[in-house]
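Here's the structure we're looking at; comments come further down.
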Amino acid sequence: VFSDREIWIGTDRRGLIQYNLRTKTYQVFSEIDGLGIGRVLDLHKDQEGNLWILSNALNILKTNRRFEFISTISPEVQEIQALLTDHKNQLWIGTQTGIFQLKHEDGEDKYEPILPEIEANVLALYQDLANNIWIGTFGEGIFIYNPEDQTMRQVTTDDGLVDGSVLSIDGNDDKVW
């Protein structure tokens, strides 16, 4: 079991099965990188979230399970251009029409509009050490949003930006580029 989200099952003939506890769906992995898994004799997870597989065909195999496919995108969440996983492990999604957060409620994925007053084309997302979310837009500069107190300020060409279109934001320690 991984974080009450998924269960991995080793089988005698079908390889691995990943069962999603939220969506109650499963996926069968009979091959990894083109190699047949065969009979799974044992499974273990380590502290880093890797899955260790003991099988008659592959002997011992270590794989990570860091890829997650989210297939239930809502009609409002289209043209995704930026993603951010914040310090609270929440997923922020920047689109051509604004910002959304992925919420897990009642076993379902829901996309909540964040800052609906910003109907900007969001190209970049970054979180600084003070937990501010920096939102780079096409033509409207940068919005700096504090999710704790829900305050926001905008930085534009009037404040010294060379251009109102910000394609990328990154940082290190107390510096933001």
State the [atom1]-[atom2] distance between [X] and [Y], to the nearest 0.5 angstrom.
X      : Y      : atom1 : atom2 : value
Thr137 : Gln96  : OG1   : CD    : 12.5 Å
Leu129 : Asn172 : CG    : CG    : 8.5 Å
Trp8   : Gln27  : CH2   : CD    : 7.5 Å
Ile135 : Ile142 : CD1   : CD1   : 10.0 Å
Lys103 : Lys110 : NZ    : NZ    : 12.0 Å

Shortest non-hydrogen separation from [X] to [Y] and the atoms involved:
X      : Y      : answer
Gly136 : Ile169 : N-CD1, 3.5 Å
His87  : Gln127 : N-OE1, 2.7 Å
Ser165 : Gly139 : OG-N, 3.0 Å
Gln154 : Glu140 : NE2-O, 2.8 Å
Val166 : Ala124 : O-CB, 4.3 Å

Non-hydrogen side-chain atoms of [X] and [Y] separated by less than 4.5 Å:
X      : Y      : answer
Leu21  : Ile7   : yes
Tyr111 : Ile93  : yes
Leu16  : Leu43  : yes
Tyr145 : Arg153 : no
Trp52  : Asp42  : no
Tyr126 : Leu84  : no

Using the rule given for side-chain hydrogen bond (donor to acceptor under 3.5 Å, both in side chains), can you reason through Trp92 versus Gln90, listing the C-alpha separation, both sets of side-chain angles and the distance that settles it, and then say yes or no? CA-CA 6 Å; Trp92 295 68; Gln90 295 176 322; 4.6 Å; no
hydrophobic_cluster_shared for [Y] and [X], side chain cutoff 4.5 Å:
X      : Y      : result
Leu167 : Leu125 : no
Ile80  : Leu91  : yes
Met152 : Trp134 : no
Ile133 : Ile114 : yes
Ile99  : Phe143 : yes

Side chains of Gln81 and Asn121: is there a donor and an acceptor less than 3.5 Å apart? yes
Side chain [X], main chain [Y], donor-acceptor under 3.5 Å:
X      : Y      : value
Thr85  : Asn89  : no
Thr157 : Leu161 : no
Asp173 : Lys175 : no

Neighbour count above 12 (heavy atom, 6.0 Å) for Tyr19 OH: yes
